[in-house]
Participant: 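First the structure, then my questions, so here it is.
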Amino acid sequence: MRLPKLLKGIRRMHKRIRKKRLGWRAVYERDLQKLIGQPASPEARTQKAIRCALRQGLLRGADVVPERAALFDEERHSMVRDLEHFPASEHFEQPHFRLRVLPAKKGEQQGKDEFVYLPKGNGVTDAYTAIMGMRADRRAAGTWQADMPLWLKASGETWLVAEIRALFKASGKALGIETKHLGAHCGRIGGATDLFAEGCDAVLLQMQGRWYAARRTAQHATPARAHAYQETHYAGDRGCLSPSASTEAYEPPRRGLCAVSEAYAL
């Protein structure tokens, strides 16, 4: 219990040590599609699904894929069976995917006990639409099996953290974003920034992002406040986040668009 407080204290004393990081925002995904168009290959559709899922689900690259191929563990990393599809119903206004994950900072003995909800959105920045495209490609290729990795390359190999990092950097470079601040963590940062810009309650944001502090602060989320937030930002009664709000007004200034050179190729 004392260790998190100790680490926070050390970070405050050595603020300059912490590396500056930039989040991958929904508007970046929108701008990228305007620049290079719809993904036209299975590999490109998988890459889009990865970017959107990590941002919308507030996920780190290490939450879903290994550092090295030899370290892949189906009990820790994302498998096809960990992704469930739910159609629209009386309980859910939007069809959605539910992904079971084991956050990288949790012990392996705890298992995949966290749920990430990915509802259908605008068809451009939502993970649901991107995953549907990826799933159709995988089914056609015969690689959408329950016992196979969820994030699979066209070569049949699983994605790695370094490759997700390279994907975000290549995508950012196409938009003229400073790529040294983009990494495998930027989907989580961008998703949290988008939610904050939309006016998400701090406690519910912690719960959505599965931060440790949420377990200690959830008691402060009064029923009235939680209900008011769910009425405006959630679909259904089980916390299915809706990505409907616009976040363009909160975007930081950035350099002009540069010529795109294989933005989808790592």
Participant: So, does K173 use its side chain to make a donor-acceptor pair with the main chain of E178 at under 3.5 Å?
Facilitator: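 Not at all, since once roles are kept as given, no pair shorter than 3.5 Å links the two residues.
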Participant: Ignoring hydrogens and geometry, is there a side-chain-to-backbone donor-acceptor pair from R55 to G191 under 3.5 Å?
Facilitator: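 Checking the backbone N and O of G191 against the side chain of R55, no donor-acceptor pair under 3.5 Å is found.
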Participant: How about M148 and R81: do any of their side-chain heavy atoms sit closer than 4.5 Å?
Facilitator: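 No - every pair of side-chain heavy atoms lies 4.5 Å or more apart.
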Participant: When rounded to the nearest 0.5 angstrom, what is the spacing between CD1 in I131 and CZ in R135?
Facilitator: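 It comes to 9.5 Å.
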Participant: Can you tell me how far the CG atom of L83 sits from the OG atom of S78, to the nearest 0.5 Å?
Facilitator: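 It comes to 8.5 Å.
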Participant: Counting distance only, does the side-chain N/O of R188 pair as donor-acceptor with the main-chain N or O of G209 below 3.5 Å?
Facilitator: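 Side chain of R188 to backbone of G209, a donor-acceptor pair under 3.5 Å: yes, one is there.
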Participant: Decide side chain to side chain contact (heavy atoms under 4.5 Å, CB included) for I164 and F168; before the verdict, give the C-alpha distance in whole Å, the side-chain angles of both, and the deciding distance to 0.1 Å.
Facilitator: CA-CA 6 Å; I164 287 180; F168 277 118; 3.7 Å; yes
Participant: Knowing that exactly one of L54, L150, T158 qualifies, which makes a side chain to side chain contact (heavy atoms under 4.5 Å, CB included) with V64?
Facilitator: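 It is L54, the one option of L54, L150, T158 that forms the side chain to side chain contact (heavy atoms under 4.5 Å, CB included) with V64.
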Participant: Grab the two heavy atoms, one from R60 and one from A104, that are nearest each other, plus how far apart they are.
Facilitator: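 In this case the closest contact between R60 and A104 is NH1-N, 4.2 Å.
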Participant: Is there a chain of hydrophobic side chains (I, L, V, M, F, W, Y, each step under 4.5 Å between heavy atoms) that links L195 to V124?
Facilitator: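 Different hydrophobic clusters.
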Participant: Give me the atom names and distance for the closest heavy-atom approach of E43 to A154.
Facilitator: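 Scanning both residues, the minimum pair turns out to be OE1-N, 3.0 Å.
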Participant: Determine whether K48 and Q38 satisfy the following criterion, side-chain hydrogen bond (donor to acceptor under 3.5 Å, both in side chains), listing intermediate values before the conclusion.
Facilitator: CA-CA 9 Å; K48 181 178 177 65; Q38 290 276 6; 5.8 Å; no
Participant: Can you tell me if Q94 uses its side chain to pair, donor with acceptor, with the backbone of K120 under 3.5 Å?
Facilitator: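 The answer is yes, because a donor-acceptor pair under 3.5 Å joins these two groups.
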Participant: Within the distance-only criterion (no hydrogens, no angle test), does the side chain of E29 pair as donor or acceptor with the backbone N or O of T125 below 3.5 angstrom?
Facilitator: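 Judged by distance alone, no pair lies under 3.5 Å.
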Participant: Roughly how far, to the nearest 0.5 Å, is OG of S171 from CD1 of I36?
Facilitator: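 The OG atom of S171 is 7.0 Å from CD1 of I36, to the nearest 0.5 Å.
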Participant: Taking a hydrophobic cluster as the set of Ile, Leu, Val, Met, Phe, Trp and Tyr residues connected by side-chain heavy atoms closer than 4.5 Å, whether directly or through intermediates, do V116 and V80 fall within one such cluster?
Facilitator: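 Yes, V116 and V80 fall within the same hydrophobic cluster.
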Participant: How long is the straight-line distance from CG of D31 back to CD of Q33, given to the nearest 0.5 Å?
Facilitator: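 The distance works out to 10.5 Å.
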Participant: Can you pull out every side chain to side chain donor-acceptor pair (under 3.5 Å) where at least one residue sits in residues 140-152? Sequence neighbours excluded, please.
Facilitator: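 The answer is R138-T143.
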Participant: Give the other cluster members for F72, using side-chain heavy-atom distances under 4.5 Å between Ile, Leu, Val, Met, Phe, Trp and Tyr residues; answer none if it is isolated.
Facilitator: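 Result for F72 is M79.
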Participant: Do the non-hydrogen side-chain atoms of V161 and P66 ever get within less than 4.5 Å of each other?
Facilitator: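 V161 does not reach P66 side chain to side chain.
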Participant: Would you sort out whether R30 and Y28 count as a side chain to side chain contact (heavy atoms under 4.5 Å, CB included), showing the intermediate values?
Facilitator: CA-CA 5 Å; R30 203 174 299 125; Y28 296 162; over 6 Å; no
Participant: Kindly give the heavy-atom pair with the smallest separation between H77 and L71, and that separation in Å.
Facilitator: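 The answer is CE1-O, 3.4 Å.
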Participant: What about I189 and V65, same hydrophobic cluster or not, with Ile/Leu/Val/Met/Phe/Trp/Tyr joined at side-chain heavy-atom distances under 4.5 Å?
Facilitator: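 Different hydrophobic clusters.
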Participant: Rounded at 0.5 Å granularity, tell me how far CD in E75 sits from NZ in K112.
Facilitator: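 Output value for this atom pair is 6.5 Å.
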Participant: What do the steps show when you test L152 against E157 for side chain to side chain contact (heavy atoms under 4.5 Å, CB included), and what is the final call?
Facilitator: CA-CA 6 Å; L152 203 64; E157 300 172 316; 5.9 Å; no
Participant: With no hydrogens and no angle check, is any side-chain donor or acceptor of K169 less than 3.5 Å from a backbone partner on T179?
Facilitator: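 A pair under 3.5 Å: yes.
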Participant: Measuring only between side-chain heavy atoms, which start at C-beta, is L59 closer than 4.5 Å to V101?
Facilitator: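 Yes, side chains in contact.
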Participant: Hey, can you tell me if Y128 and F97 have their rings parallel, tilted or perpendicular (30° and 60° cut-offs)?
Facilitator: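 Geometry flag for F97 against Y128: tilted rings.
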Participant: Say you draw a straight line from OG of S41 to CD of Q47; how long is it, rounded to the nearest 0.5 Å?
Facilitator: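 It comes to 7.0 Å.
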Participant: Is there a donor-acceptor pair under 3.5 Å between the side chain of D194 and the backbone N or O of A26?
Facilitator: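 Answer holds: yes.
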Participant: Between Q56 (side chain) and A127 (backbone), is there a donor-acceptor pair under 3.5 Å?
Facilitator: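 Checking the backbone N and O of A127 against the side chain of Q56, a donor-acceptor pair under 3.5 Å is found.
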Participant: How far apart are the C-alpha atoms of K153 and E163, what are their side-chain angles, what is the distance that settles it, and do they pass the salt bridge (charged side-chain N to carboxylate O under 4.0 Å, His left out) test?
Facilitator: CA-CA 10 Å; K153 294 184 291 185; E163 293 169 335; 2.7 Å; yes
Participant: Checking side chain to side chain contact (heavy atoms under 4.5 Å, CB included) for the pair I50/W159: CA distance, chi angles, key distance, verdict?
Facilitator: CA-CA 10 Å; I50 289 173; W159 276 74; 3.5 Å; yes
